[in-house]
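Each chain gets a letter, A, B and so on, in the order its sequence line appears, and its residues count up from 1.
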Protein chains: 2
Amino acid sequence: MARPPIFPLADARTVADDGDDASFCSTCAFSSACLAEGVGKRELRELHVLVDHVGPIAAGNHVFRKGDPFDAIAAVRAGTVKTYVNDADGHERVLGFHLPGEVIGLDGIDGERYPCNAVALDTVMLCRFSFQRMSSLAARLPGLQRHLFRLLSRGIGTAVQLGNDATADQRMAAFLLGLSQRLATRGFSATRFRLTMPRTDIGSHLRLAPETVSRVLKRFQDDGLVDIDRREVELLDVEALDALAAPVLSR
Amino acid sequence: MARPPIFPLADARTVADDGDDASFCSTCAFSSACLAEGVGKRELRELHVLVDHVGPIAAGNHVFRKGDPFDAIAAVRAGTVKTYVNDADGHERVLGFHLPGEVIGLDGIDGERYPCNAVALDTVMLCRFSFQRMSSLAARLPGLQRHLFRLLSRGIGTAVQLGNDATADQRMAAFLLGLSQRLATRGFSATRFRLTMPRTDIGSHLRLAPETVSRVLKRFQDDGLVDIDRREVELLDVEALDALAAPVLSR
DNA sequence: CGCTTCTTTGACGAAATTCAAAGCGTGTGG
DNA sequence: CCACACGCTTTGAATTTCGTCAAAGAAGCG
């Protein structure tokens, strides 16, 4: 499990980009999002030539590790990436689960090193962007610059969300709904999905013991809010979950 | 207490910038930081002409409110700004205390509205930057763009910090040390300083009841870690505090 | 000086962690 | 194909930390 990370491409299996099919990277989230920001299709091609398509990365392999020199950000194309840190006692703290369309590595810009570890939870495909080259391009493409500012700003918002005080039930409800919504945005079912991470990771992410995760999910099940079999989830009563999660979201 | 916010300058007492003294805004954190990023002095002047010097803002007045249209970020020049949100139950949650040299408003870029409230805890002076104009400038000044990316990235990092799991003692130690370090960076004493916020706010920030804040501080005092009189703090045993705070910081 | 706001203190209670142990699935090797 | 081992999950009981409630004390302010 101490294999080297995939970044910085020293040992990566990289799929070269054809560069001539703009829709090829549509799941990168950059293409569509940048179009929405007013980046023209011609300019979009400029962005695509600086993309490395990375993967597949098997579950358990690291994309990057805390302390690695920062040189790129990446959009998840398929699979789930978990970011985490270890505190001084060695306890793992999960910062986030990153689904297709989401971007990882932004927090590494400041310190020029990645401040956390990123590991694949299942088979992962990535689009890797040299940050230096993307910055240069952003200076010429206002839409791209705007998109990057937005992504970073959003990153603050999502990080802030995690700091909330709330009961175990409320945090869990918010977690399930958050997953649901993010999956729905990417075209997956909003009500049936698979938890790609173990209970331990969910707990670490929500500041709960894994036992508590198990108990809360059981109670949700008993109360008819969800149907859970192992890692398969079906949301049965979104209304009730919403009501539970309400205090987590700011007014 | 329902007075209108200072932004967007509708009602603000704004001090016009002379524009001809680059050192005038040295405490904005932008000047020195941007110089470090390779922005030349001539270019720096371009940045200064788009600065509004705002203030003084009296304690209790809002700089902006959640939902206000986002159009500017601001660097604190003097005083302390508290950012906070109210959850669905009306409970206040303090996101941060912003000291001189620190920047507020970055989290508003994404949604085009400020996602939180910002209020002065004491007499506050600000440098206000039109974000639109700063973005345009950033396209021409790579150093400025880099600085903005860094600021945003750092914002993610500090927000992530708050999500930590830790005991009340550990969080409080980390909070005191964090304040100490940030004040020291700005030239203030690292060991003696004033808490500009009530216990309630500290608690809300650290996810603790104000009573717990009081008890923890008392214990720190009894154990000789700090000397606290009302809101005046002296750190007596930084080593011990560091040891306490260790699990909060990622390894 | 009297009000308000903030802070401290104590007693109690609740939510979640910890500890311990038993199920359950999956994959592997005999 | 089955048995076994390993990791993950569930469950129960005891413990602990912190929040809640109540009230008194202190400081600042008009």
Side-chain angles (χ1 to χ4, degrees), chain A residues 1 58-60 80 82 87 89-94 119 121-122 164-175 194-223 226-233 244 247-248, chain B residues 1 58-60 80 82 87 89-94 97 119 121-123 163-175 194-222 226-233 244 247-248:
Chain A
M1 188 61 78
T80 312
K82 173 182 85 170
D87 67 16
D89 303 340
H91 295 140
E92 184 172 307
R93 178 168 156 237
V94 173
V119 64
L121 288 182
D122 47 15
N164 74 71
D165 201 12
T167 65
D169 288 22
Q170 292 165 341
R171 292 208 288 270
M172 182 61 70
F175 174 70
R194 177 178 174 74
L195 300 173
T196 49
M197 68 296 289
R199 302 283 190 268
T200 321
D201 285 349
I202 299 177
S204 164
H205 186 49
L206 301 180
R207 300 193 304 269
L208 298 173
E211 294 93 331
T212 307
V213 173
S214 188
R215 282 185 257 262
V216 170
L217 288 178
K218 173 144 194 328
R219 188 146 23 80
F220 282 4
Q221 169 117 312
D222 292 345
D223 295 350
V226 301
D227 186 21
I228 298 193
D229 175 31
R230 194 76 173 153
R231 296 200 184 176
E232 300 297 331
V233 179
L244 261 177
V248 174
Chain B
M1 191 60 80
T80 313
K82 173 181 85 171
D87 67 16
D89 303 341
H91 295 140
E92 183 172 308
R93 179 169 156 236
V94 173
F97 303 107
V119 65
L121 287 182
D122 47 14
T123 303
N164 74 71
D165 201 12
T167 65
D169 287 21
Q170 291 165 342
R171 292 208 288 273
M172 182 61 69
F175 173 70
R194 176 177 174 75
L195 300 173
T196 49
M197 69 296 289
R199 302 282 190 270
T200 321
D201 285 348
I202 299 176
S204 165
H205 186 51
L206 301 179
R207 301 192 304 270
L208 297 173
E211 294 93 331
T212 306
V213 173
S214 188
R215 281 186 257 261
V216 171
L217 288 179
K218 174 144 195 323
R219 188 144 24 78
F220 282 4
Q221 169 118 317
D222 291 345
V226 300
D227 186 20
I228 298 192
D229 175 31
R230 193 69 173 161
R231 295 199 183 176
E232 299 297 331
V233 180
L244 262 177
V248 174

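Here the range on DNA chain D touched by chain B, meaning any atom under 4.0 Å from one of its heavy atoms, is D/dC18 to D/dA27.
B/Val119 meets the side chain to side chain contact (heavy atoms under 4.5 Å, CB included) test with B/His62, B/Lys82, B/Tyr84; sequence neighbours excluded. When the salt bridge (Lys or Arg N to Asp or Glu O under 4.0 Å) test is applied to A/Arg231, no partner is found at least two apart in sequence or on another chain. Every residue two or more places apart in sequence or in another chain that forms a side chain to side chain contact (heavy atoms under 4.5 Å, CB included) with B/Ala174 is listed here: B/Ala245, B/Val248. Judged as a side chain to side chain contact (heavy atoms under 4.5 Å, CB included), and not counting sequence neighbours, A/Asp229 has no contacts. Among residues two or more places apart in sequence or in another chain, the side-chain hydrogen bond (donor to acceptor under 3.5 Å, both in side chains) test is passed with B/Glu232 by B/Arg194. Listed by chain and residue number, A/Arg219 satisfy the salt bridge (Lys or Arg N to Asp or Glu O under 4.0 Å) test with A/Asp169 (two or more places apart in sequence, or in another chain). Scored by the side-chain hydrogen bond (donor to acceptor under 3.5 Å, both in side chains) test, B/Thr200 finds no partners at all (sequence neighbours excluded).
Here the OG1-CG distance, from A/Thr167 to A/Leu244, works out to 7.0 Å after rounding to the nearest 0.5 Å. Atom CZ of A/Arg93 and atom CG of A/Asp87 lie 9.0 Å apart (nearest 0.5 Å).
Relative to the axis of its first five pairs, the axis of the last five pairs of the helix from C/dC1-D/dG30 to C/dG30-D/dC1 sits at 30°, rounded to 10 degrees.
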| field | Under 4.0 Å protein heavy-atom contacts per nucleotide of nucleotides 3-19 of chain C, with B for base, S for backbone only and - for none | value | ---SSBBBB----SBBB
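Screening residues 203-218 of chain A for side chain to side chain donor-acceptor pair (under 3.5 Å) gives A/Lys218-A/Asp222 as the qualifying pairs, with residues at least two apart or on separate chains.
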